[in-house]
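Note sheet for the following structure.
Counting starts at 1 for both ligands and their atoms, following the listed order. Computed from heavy atoms alone, side chains included, the values below leave out hydrogens, waters and symmetry copies. Position 1 is the first residue of the sequence, and the numbers go up from there.
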Amino acid sequence: MITMKNIIREGNNTLRSEAKKATFPLSDEQRQLAHDMMEFLENSQDPKIAEKYQLRAGVGLAAPQVDVSLQMASVLVPSADGEAPLFKDTIVNPVIISHSVQGAALSEGEGCLSVDRDVPGYVVRHDRITLRYYDVDGNQHKIRLKNYPAIVCQHEIDHLHGVLFYDHIDHDHPFTMENEDLVID
Ligand SMILES: O=CN(O)CCNC(=O)c1cccc(Cl)c1Cl
Ligand code: NI
């Protein structure tokens, strides 16, 4: 199972590299990694398991964060009411093919398992995206996401291109937003 010791931190070059595009069929090792990444997210969102293994909670995890330079990220965005997740899948070779002009940022800012410090500020992203990706079986998907799930997928896609959330924060005006941009609770 993946635990915090498997997650690389700032200073490791893999985190700032362009991850390699996956080719299909994925190797057994790559399929196992996808399983392990999703399992980590489920574990990290279970208070008992997270406490037992000292896991920081996450709603996404990208392969570069476990030192694998591959364009693959698992996303598990729970719903507020404990029903079906807002989005759950492992996205391979994801591409944002269109997006809203309107931006959005989480009111709480963002955090990252690869960044061992709080970096306050609004991370302004696209509020709505059309995402094309492949699942681990090589099936192509084209989906539209908005608000929280859209923001999480953008955070993960950034990891595949060596970008970290605080790269988007304007450190002179960390909590300034354009008029039309949304602040999401
Ligand atoms: O790349 C994934 N992580 O670093 C896992 C830890 N961070 C989060 O779960 C997280 C927290 C807040 C906002 C966003 Cl957008 C995300 Cl993604
Ligand atoms: Ni992250």
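Residue-level proximity to ligand 1 for E156 is carried by the side chain, the only part with a heavy atom below 4.0 angstrom. Of the heavy atoms in R56, none comes closer than 4.0 Å to ligand 1. Only the side chain of Q65 comes within 4.0 Å of ligand 1, judged by heavy-atom distances. Contacts with ligand 1 closer than 4.0 Å are made by no heavy atom of V115, backbone or side chain.
Panel note: side chain Q71, backbone A19; a donor-acceptor pair is recorded below 3.5 Å. Distance alone, capped at 3.5 Å, places no donor-acceptor pair between the D137 side chain and the N139 backbone. Judged by distance alone, with hydrogens and angles left aside, the side-chain atoms of Q154 form a donor-acceptor pair with the main-chain N or O of A150 at under 3.5 Å.
Among protein heavy atoms, the minimum distance from atom 12 (C) of ligand 1 is reached at G111 N, 3.6 Å. Given atom 5 (C) of ligand 1, the protein heavy atom at minimum distance is G60 O, 3.2 Å.
A donor and an acceptor atom, one from each side chain of Y133 and D89, are located under 3.5 Å apart. When only modelled atom types and interatomic distance are considered, S100 and D127 share no side-chain donor-acceptor pair under 3.5 Å.
Taking only nitrogen or oxygen atoms, main chain and side chain alike, S114 does not reach within less than 3.5 Å of ligand 1. Residue contacts with ligand 1: H159 is placed with a nitrogen or oxygen under 3.5 Å of a nitrogen or oxygen of the ligand (distance criterion only).
Here is the list of ligand 1 atoms found below 4.0 Å of a heavy atom in L106: 13 (C). Residue contact check: G58 has heavy atoms under 4.0 Å from atoms 9 (O) of ligand 1.
Side-chain heavy atoms closer than 4.5 Å link hydrophobic residues (I, L, V, M, F, W, Y) into clusters, and following such links, even through other members, never connects V75 to M38.
Around the Ni ion (ligand 2), protein atoms of type N, O or S found under 2.8 Å number 3.
Comparing heavy-atom distances from atom 16 (C) of ligand 1 across I7, L113, V59 singles out V59 as nearest.
Between H171 and V119 there is a side-chain heavy-atom pair separated by less than 4.5 Å. With a 4.5 Å cut-off on side-chain heavy atoms, N147 and L86 do not count as touching.
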Exercise. Assess whether side-chain contact (heavy atoms from CB on, under 4.5 Å) is satisfied between F87 and I143, documenting all intermediate values.
Key: CA-CA 11 Å; F87 184 64; I143 62 170; 3.4 Å; yes
Side chains of residues 102-117: which donor-acceptor pairs under 3.5 Å do they make with residues two or more places apart or in other chains?
unit_1 : atom_1 : unit_2 : atom_2 : d
Q102   : OE1    : R128   : NH1    : 3.1
Q102   : NE2    : E180   : O      : 2.7
S107   : OG     : I184   : O      : 3.3
S107   : OG     : D185   : OD1    : 2.7
E110   : OE1    : R125   : NH2    : 2.9
E110   : OE1    : H155   : ND1    : 2.9
E110   : OE2    : R125   : NE     : 2.8
S114   : OG     : I8     : O      : 2.9
S114   : OG     : Q65    : NE2    : 3.1
D116   : OD1    : R9     : NH1    : 3.0
D116   : OD2    : R9     : NH1    : 3.0
R117   : NE     : E10    : OE1    : 3.0
R117   : NH2    : E10    : OE2    : 2.6

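Under a 4.0 Å N-O distance rule, the pair D46/K52 does not qualify as a salt bridge.
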